[in-house]
Amino acid sequence: MAYDADVIVIGAGLAGLVATAELVDAGRSVIVLDQEPEQSIGGQAHWSFGGLFLVDSPEQRRLRIKDSRELALQDWYGTAGFDREEDHWPKKWAEAYVDFAAGEKRSWLHQQGLRIFPVVGWAERGGYDATGHGNSVPRFHITWGTGPGVVAPFERRVRAGVAKGLVQLRFRHRVTGLARTAGALDTVTGEILEPSGAERGTASGREATGAFELKAQAVIVTSGGIGGNHDLVRSQWPKRLGTPPEKLLSGVPAHVDGLMLGIAEEAGAHHINRDRMWHYTEGIENWNPIWSKHAIRILPGPSSLWLDARGKRLPVPLFPGFDTLGTLEHIMKSGHGYTWFVLNQRIIGKEFALSGSEQNPDLTGKSVRDVIGRARADVPAPVKAFMDHGADFVVEKDLDALVRGMNAVSGDGLIDVEELRREITARDREIANPFTKDLQVTAIHGARAYLGDRLIRTAKPHRILDPAAGPLIAVRLNILTRKSLGGLETDLSSRVLTADGTPLPGLYAAGEAAGFGGGGVHGYRSLEGTFLGGCIFSGRAAGRAAARAL
């Protein structure tokens with residue numbers, strides 16, 4: 001049989017680029033297919049903040065953070081909550097990934113030119129017991145160059161493969177079918193879409209101008225998840241999180257449609273843990289959107305007062321940055337699909353970061369001068385732009401005006417100014433001493449005990465209603481879609497499995513399409529910084545395994 005290439009990779013996102021780069025190193029020929037135009041190479045990773053989960057890194061040790069493989073694995077298992085028979089391979093992937101993060105991950109990436117910002121972030125802090133959800137220590141390492149900085153080494157390797165004649169990049173190729181010959185999956189069919197000059201992330205059109213059929217000895221699915229397909233998100237919404245919100249914003253472009261997962265299932269692949277998903281609760285409407293319903297996630301420090309739609313504080317330990325899905329579950333039971341941060345300018349200037357490469361031009365552009373300028377600014381420029389233009393922001397000098405603005409933004413009129421004043425005043429009384437019964441204030445003191453937080457992420461404890469720290473700010477927070485935590489079940493070689501647990505010959509999967517490995521390496525929850533790394537780790541495994549098998 002004549003093959004068009006040794007391997008076909010479906011999806012030119014991060015996992016697909018990594019798999020292709022590994023195949024090129026092994027001397028294999030590859031055709032990469034993607035439904036988007038070439039300007040969208042790198043997929044969702046391009047838009048990311050560039051966070052990487054590393055264990056016992058030099059950056060941690062410089063900041064006197066004591067981390068270990070054992071502690072990280074304890075945190076992973078406590079967070080994942082594996083409790084299903086189909087978690088067999090996800091658990092094996094979790095252990096393998098933690099070994100990677102505590103072992104060669106940093107040095108391997110460093111050899112390819114990737115560099116790390118020196119201050120380590122502390123995401124998903126948990127707030128339960130030692131074996132529960134959350135990171136016991138800071139592990140969120142920001143890539144110097146953010147998402148584009150993560151993509152660049154692998155795109156460079158792939159384009160070197162193009163120059164050698166080993167790689168064909170075929171954009172605007174939309175896969176619609178997978179087929180087998182003599183039991184082995186070796187055929188990919190689909191539509192050739194009309195050329196598009198659409199800018200990265202914007203809608204590119206779906207009009208077909210032709211069809212294609214390609215054959216290879218192996219096929220690797222790296223097509224991503226479902227976050228841009230709200231109908232699919234709602235149909236797979238977990239019952240444990242209640243009814244999905246009427247209003248959903250999108251943290252990913254519309255082409256993240258999940259349709260390839262169904263195509264793989266039709267070919268015999270086993271799709272597991274589809275009800276496990278990772279959506280954020282701190283979404284704000286982008287005042288300058290790139291795609292439809294474009295949301296930006298606030299990466300908050302611990303000091304903002306988090307209120308439900310009626311102005312009541314969320315329960316312990318649902319503080320900013322502590323438990324994403326615990327907060328989502330609480331919100332879905334409240335009867336309202338939004339919440340509020342109430343804070344002041346001193347807090348927003350120190351504690352608000354915005355997720356995404358485009359919202360962090362200093363880090364993305366690798367400008368030391370601009371990073372220093374951000375640290376010295378009263379409010380970072382991207383955050384100030386949202387204060388000035390964002391539909392979810394209310395900025396006022398006094399609480400009465402702030403509440404009027406909050407009720408106008410929501411249209412519900414649910415906030416009572418005197419009740420909110422009592423809530424904030426009670427919290428502010430707890431600031432007078434270094435000891436307190438308010439566990440959020442305790443958490444603030446704890447955060448400032450970590451040098452990284454004290455330098456750039458946590459404001460000195462003070463009264464929210466202190467006029468010197470004003471003006472007051474309220475931010476309406478919406479639910480935004482982001483990641484699929486389930487996916488195609490794979491073994492540790494990234495081979496896709498069938499429902500009976502046997503490999504489907506010729507088919508591999510990596511990245512979000514494989515639940516970042518195994519069909520759900522994160523279990524129910526993520527420790528953060530694990531999505532890009534999951535694409536890299538599973539993409540590397542798929543590329544290397546497919547190369548060996550040919």
Side-chain angles (χ1 to χ4, degrees), residues 44 47 124 133 225-254 256-258 273-287 289-300 304-315 318-342 354-356 386 390-394 406-415 474-486 512 522 524-526 528 531:
Q44 295 179 62
W47 300 107
E124 289 296 299
H133 168 63
I226 69 172
N229 186 337
H230 289 186
D231 290 338
L232 201 51
V233 168
R234 288 190 167 95
S235 71
Q236 297 181 189
W237 189 267
K239 292 182 180 179
R240 65 186 177 275
L241 295 181
T243 303
E246 293 182 10
K247 179 182 180 181
L248 277 174
L249 299 180
S250 286
V252 296
V256 185
D257 55 25
N273 294 316
R274 67 185 73 215
D275 66 328
R276 291 178 178 170
M277 49 186 69
W278 188 253
H279 305 309
Y280 290 116
T281 55
E282 311 98 329
I284 50 177
E285 294 186 38
N286 194 345
W287 65 271
I290 296 169
W291 53 81
S292 176
K293 300 181 180 179
H294 187 180
I296 299 296
R297 184 204 174 195
I298 295 170
L299 303 174
S304 297
L305 205 61
W306 204 339
L307 310 172
D308 67 18
R310 296 183 179 276
K312 302 297 183 183
R313 286 180 73 177
L314 301 194
L318 305 183
F319 311 135
F322 276 66
D323 181 1
T324 294
L325 286 200
T327 305
L328 178 58
E329 183 176 0
H330 178 80
I331 294 170
M332 291 299 93
K333 292 177 179 178
S334 74
H336 300 276
Y338 67 92
T339 55
W340 292 97
F341 277 165
V342 170
L354 301 175
S355 183
F386 272 92
D392 296 304
F393 281 70
V394 182
M406 293 167 72
N407 285 329
V409 166
S410 71
D412 293 337
L414 297 177
I415 307 294
V475 186
R476 180 180 60 178
L477 306 172
N478 308 281
I479 310 302
L480 70 91
T481 63
R482 187 58 68 87
K483 298 295 182 187
S484 315
L485 298 188
E512 194 172 351
H522 298 92
Y524 288 94
R525 290 171 166 156
S526 167
E528 288 286 17
F531 300 131

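- Here Lys239 pairs with nothing under the salt bridge (Lys or Arg N to Asp or Glu O under 4.0 Å) rule; sequence neighbours left out.
- Environment of CZ in Arg310: sparse, with no more than 12 heavy atoms of neighbouring residues, nucleotides or ligands closer than 6.0 Å.
- Side-chain atoms of Asn229 come within 3.5 Å of backbone N or O of Asp257 as a donor-acceptor pair.
- Residues meeting the salt bridge (Lys or Arg N to Asp or Glu O under 4.0 Å) test with Glu124, sequence neighbours left out: none.
- Taking 4.5 Å as the limit, some side-chain heavy atom of Trp306 sits within range of a side-chain heavy atom of Phe341.
- By the salt bridge (Lys or Arg N to Asp or Glu O under 4.0 Å) test, Arg297 is found to be paired with Glu282, Glu528, residues two or more places apart in sequence or in another chain being considered.
- Residues passing the side-chain contact (heavy atoms from CB on, under 4.5 Å) test with Asp392, sequence neighbours excluded: Ile284, Glu285, Arg476, Asn478.
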(request) In sequence, state the C-alpha distance, the side-chain angles, and the governing distance for Thr324 and Trp278, and then conclude on side chain to side chain donor-acceptor pair (under 3.5 Å). (result) CA-CA 8 Å; Thr324 294; Trp278 188 253; 5.2 Å; no

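- Rounding to the nearest 0.5 Å places CE of Met277 at 4.5 Å from CD1 of Ile226.
- Looking at Arg276 and Pro238, their side chains never come closer than 4.5 Å, going by heavy atoms from C-beta outward.
- Scanning all heavy atoms of the two residues, the minimum distance from Ser484 to Glu512 falls at N-OE2, 2.7 Å.
- Here the closest non-hydrogen pair linking Ala474 and Trp340 is CB-CE3, 4.0 Å.
- In this structure, the side-chain contact (heavy atoms from CB on, under 4.5 Å) partners of Asp412, at least two apart in sequence or on a different chain, are His336, Tyr338, Ser410, Leu414.
- You'll find the side chain of Ile296 reaches within 4.5 Å of the side chain of Phe386, heavy atoms only.
- Annotation for His230 and Ser250: closest pair NE2-OG, 2.7 Å, computed over non-hydrogen atoms.
- Residues satisfying the side chain to side chain donor-acceptor pair (under 3.5 Å) criterion with Thr481, sequence neighbours excluded, are absent altogether.
- Using cut-offs of 30° and 60° for the angle between ring planes, the Trp47 and His294 rings count as perpendicular.
- Contact check for Leu248 versus His279: no side-chain heavy atoms found under the 4.5 Å cut-off.
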